[in-house]
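Here's the structure we're looking at; comments come further down.
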Amino acid sequence: MKKHTVISLVGLCLIASLMLAACGGAATPQVVKETQIVRETQIVKETQIVKEQVVVTPTPGPDPEAMIEGVEPNAEVALWTFWLSPTFDDYIKSTIARFEEAYPGVKVNWEDHQATFQDDLRNSFAAGNAPDVINLSVGEGWVSEYATKGLLLNLDDQVPQSVKDLYFPGLWQQQLVDGQNYQFPWYQGISVELINTKIYVEQAGLKVEDFPKTVEGLPALCKTIKEKTGTLCDIRLTVNDLLAQMVYEGDVKVISDDGTQFTFDSPEGAAWLQLYVDMVRDGTVDKSALTTTDDRVGLELFTSGKAAFYQTGPNLIREVRANNPGLYGYLAVVPAPVGKSGVVGKGLMGISVKADTQFPMASIALAQFFTNPRSMLEFSKIVAIYPSTPASYEDPFFAAKPVAIEDSAKPVAKDIVSKYADIVPTIPKKADVNEIVRQAVEAALFNNVPAQQALTEAVNKANALIGQ
Amino acid sequence: MLTQPSPQAGEGRGSPRPLVTKKFSLTPYLFLTPALLVTVVFILYPIVAVVFYSFTEYDIVTPPKWVGLKNYQQLAQDPTFWRALKNSFIYLIATPTLIALSILLAIIVNRNLRGIHVFRALYYIPAVSGSIAIGITWRWLFDVNGGLVNGFLVPLGLLTEPVQWLAEPAYILPIAILLTVWAGVGYYAVIFLAGLQNIPEELYDAALIDGCNNFQKHWYISLPGLRPQIVFVAVISSLAALKVFDEIYILTNRTGGILDSGVTMVFYLWRQAFRLTHAGYASAIAIVLLVITLVFSMMNVRLLERGVEAD
């Protein structure tokens, strides 16, 4: 009976083959039906036999991506990422799958936290169930915040030099706490200025290529835009870390070398603040965007088509495309203006390991795996982010001519990222001092307190605070 | 449970015996246990914990450190705290405004007109809308670019150029109070409407015979009749005003407004606890707020009792 069925199927196959040949290349519905019949033959069995033959090939060597030794067997590590789901679910899951293949026996439990990330993380540390591997923002100072409290693992002691050498030195060494590194540099952003050419070119009559190269050029630009178009400039003070902004934009020495006296009321500090005071006095900036703690406020303002330009990362162009496709066609991108320090910027994201993790080596392995050249290159291909490993840039992907506006920074990305450095010194009681500076800056901007006086009062308060 | 003793039980003895005796039973306590557990875990324990933390330096992630009265001493010298306290008391303006407008609205919709139910439902919509959604809508209203308020006032010539309403320290609190009043008026109107419908119609008929006009009718009959509802609304709306947070959080994009112009007690508490991670200091603010609301509640309850006695 079985033999009879096989003969029948082979016969059907022959008929099908003849009919396919007769039909030539024409894709008709009937052809599809016949193809389905062919699938029902024993060809699958033959494929299985081929698989069995693979057994005789030599066993491959250790996975080249498994660079961390001494990983605990059967480790189960928790990974938290910041605002990556659901857009990058496939990427994160496939990277975890590759990791579990490279380090057999290690299991990863992934969670993505978004607007409440910081609250969730603090609560988890308080409850004693913080994740082993944590995606922390270097730009926002989260790494130093947790490392200072002794909550993160010192990676300099644990990671071999060969692995450290995979990263740009400036990124590995940034945001050190007491000279030690607590993060694997992850994806980086490049600050660009997004320009709405409808306002900037058509209404204000300005040229994209003439966009100011330095921060000092912004007040005059905003004045012109206000006069010609009536729109306000969408500029943001980094309210959470004004000291850092002072350092990068104004080249201000914010604290003495021994870290005991604040010095940001210097002439450089006053000049930096005066630049913004002048813009507020002239009524050329959107005050809500200027003083918000949330960079999305400025992005939303720009995305809604109400601002001439906005400084952000190329990765966020996708938000403009998704939320206002009409504006996407009018976008131009130029490099963001540089401050007096001449340093183009600092790192964006890192991955750290909890200090008291039960599986330190497995956690280090996972953090390293996500930041290895291959993982970051694959991430870069999905979204306009930039790897922290020089090797990733060797891929032709980065040499290719940009097609979409999101990719416009791609050819120069390696050069820019390699120069990133955190030039802000360690600040004691950083959050509190920044709060004092925020109040001083707002007093100067909105309460007619002279810039110099506001900063001097802030320095006195900050010195009193750290002297307590 | 109560049991009836046998008639002979106390016979022949000198001391009187109760007719019923109590026998301990576990059952009522078992019924009470879930509610008691919830109260202990979610109310009593947090209160005790907050009192404890208020005497500590606590950053949420590392163990608290006992500092005694330091947080309270610091509060007394903290200008932002006093500003927050002042703003919270200013916010109490919302209470009489809410009461007046809600009563007016209740009187307006307390008539048998065709389709009046639709209007009642419409006025109630803000009460069932999320505060975040309302806040975002109001942010759009006062937006400098294309906001409805500027879009209305500029063409009329009342403004020469669009105003950044939510970035002006002088406007933040009034706008937030206006939002609270707008969002609450429909809810409180329903309470007053129920009160109005309990006032006997005969009283209005008698007033009509005595020659009262509409205003006098409501002044002499409706308002005294609504006294219990007015006291109730005064209590809950003043407590809500003291604890306002959502409106400020949304309208100011989590900043508290330029120059801390919109910072209220609860907003300041949130900022200290979750932005600056001073949970100990935030706990001290919470305790001060607790004392203030307790005093307020007691005053209001006293007023309520007086009102009932007077009635």
Side-chain angles (χ1 to χ4, degrees), chain A residues 115-116 118-119 121-128 130 145-146 148-151 226 230-232 234 237 239-240 280 283 285-298 300-302 304-307 429-436 438-439 441-449 468, chain B residues 49 53 57-64 67 70 74 77-80 83 132 136 139-140 142-147 150 154 160-172 249-263 268 270-279 281:
Chain A
T116 58
Q118 277 277 67
D119 293 339
L121 188 57
R122 287 178 189 135
N123 292 338
S124 70
F125 271 116
E145 180 190 331
Y146 291 103
T148 311
K149 290 172 181 168
L151 300 169
K226 171 81 189 296
T231 58
L232 301 174
D234 185 5
L237 283 167
V239 177
N240 292 334
V280 170
V285 286
D286 185 301
K287 290 188 269 186
S288 294
L290 183 71
T291 53
T292 183
T293 52
D294 185 354
D295 66 345
R296 301 232 151 211
V297 174
E300 281 168 19
L301 184 65
F302 181 80
S304 62
K306 295 169 186 167
K429 298 192 177 178
K430 191 177 171 187
D432 296 314
V433 175
N434 263 308
E435 179 64 10
I436 290 170
R438 179 192 69 79
Q439 290 178 344
V441 167
E442 285 197 357
L445 293 176
F446 307 113
N447 214 17
N448 299 320
V449 177
Q468 279 176 4
Chain B
Y53 289 137
E57 202 173 286
Y58 181 40
D59 66 0
I60 301 176
V61 293
T62 49
V67 292
K70 188 184 161 196
Q74 207 177 319
Q77 297 162 356
D78 181 352
T80 314
R83 171 157 218 165
I132 303 295
I136 290 171
R139 220 166 63 191
W140 288 339
F142 288 94
D143 191 38
V144 62
N145 298 301
N150 280 326
V154 174
T160 49
E161 62 174 12
V163 172
Q164 297 189 58
W165 297 100
L166 299 175
E168 291 296 335
Y171 299 141
I172 284 289
Y249 183 87
I250 298 298
L251 286 177
T252 67
N253 271 319
R254 295 186 278 171
T255 63
I258 285 172
L259 296 170
D260 292 332
S261 50
V263 170
Y268 192 48
W270 168 82
R271 182 196 277 171
Q272 285 293 339
F274 299 106
R275 260 196 56 208
L276 300 172
T277 61
H278 295 154
Y281 194 59

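Here the structure is a predicted model, which means the values were calculated and not measured. First the proteins, then the strands, lettered A, B, ... as listed; each starts at 1.
Atom CG in B:Leu259 sits 9.0 Å away from atom CG in A:Leu445 (nearest 0.5 Å). With rounding to the nearest 0.5 angstrom, the CZ atom of B:Phe142 is 13.0 Å from the OG atom of A:Ser288. The line from NE2 of B:His278 to CD of A:Glu435 is 9.5 Å long, rounded to the nearest 0.5 Å.
When B:Thr62, B:Asp260, B:Thr252 are compared by the number of non-hydrogen pairs under 4.5 Å with chain A, B:Asp260 comes out ahead. By number of non-hydrogen pairs under 4.5 angstrom with chain A, the leading residue of B:Leu166, B:Ile60, B:Ile258 is B:Ile258. When the candidates A:Asp286, A:Thr292, A:Leu290, A:Asp119 are compared by the number of heavy-atom contacts under 4.5 Å with chain B, A:Asp286 comes out ahead.
Residues B:Val144 and A:Lys306 fail the side-chain proximity criterion, which asks for heavy atoms closer than 4.5 Å. Counting heavy atoms from C-beta outward, B:Val61 and A:Leu151 have side chains that approach closer than 4.5 Å.
The minimum heavy-atom distance between B:Gln164 and A:Val285, with the atom names listed, is NE2-O, 3.3 Å.
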Derivation of the side chain to side chain contact (heavy atoms under 4.5 Å, CB included) call for B:Glu168 and A:Lys287: CA-CA 9 Å; B:Glu168 291 296 335; A:Lys287 290 188 269 186; 2.8 Å; yes
Go through the steps for B:Leu276 and A:Lys429 under the test side chain to side chain contact (heavy atoms under 4.5 Å, CB included), then give the verdict. CA-CA 10 Å; B:Leu276 300 172; A:Lys429 298 192 177 178; over 6 Å; no
Could you go through B:Asp59 and A:Arg122, starting from their C-alpha distance and side-chain angles, then the distance that decides it, and tell me whether this counts as side chain to side chain contact (heavy atoms under 4.5 Å, CB included)? CA-CA 9 Å; B:Asp59 66 0; A:Arg122 287 178 189 135; over 6 Å; no
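At a 4.5 Å heavy-atom cutoff, the contact between B:Thr277 and chain A is made by side-chain atoms alone. Of the two parts of B:Asp143, only the side chain, counted from C-beta on, holds a non-hydrogen atom closer than 4.5 Å to a non-hydrogen atom of chain A.
For B:Tyr171, the OH atom counts as loosely surrounded, since its 6.0 Å shell holds 12 or fewer non-hydrogen atoms of other residues, nucleotides or ligands.
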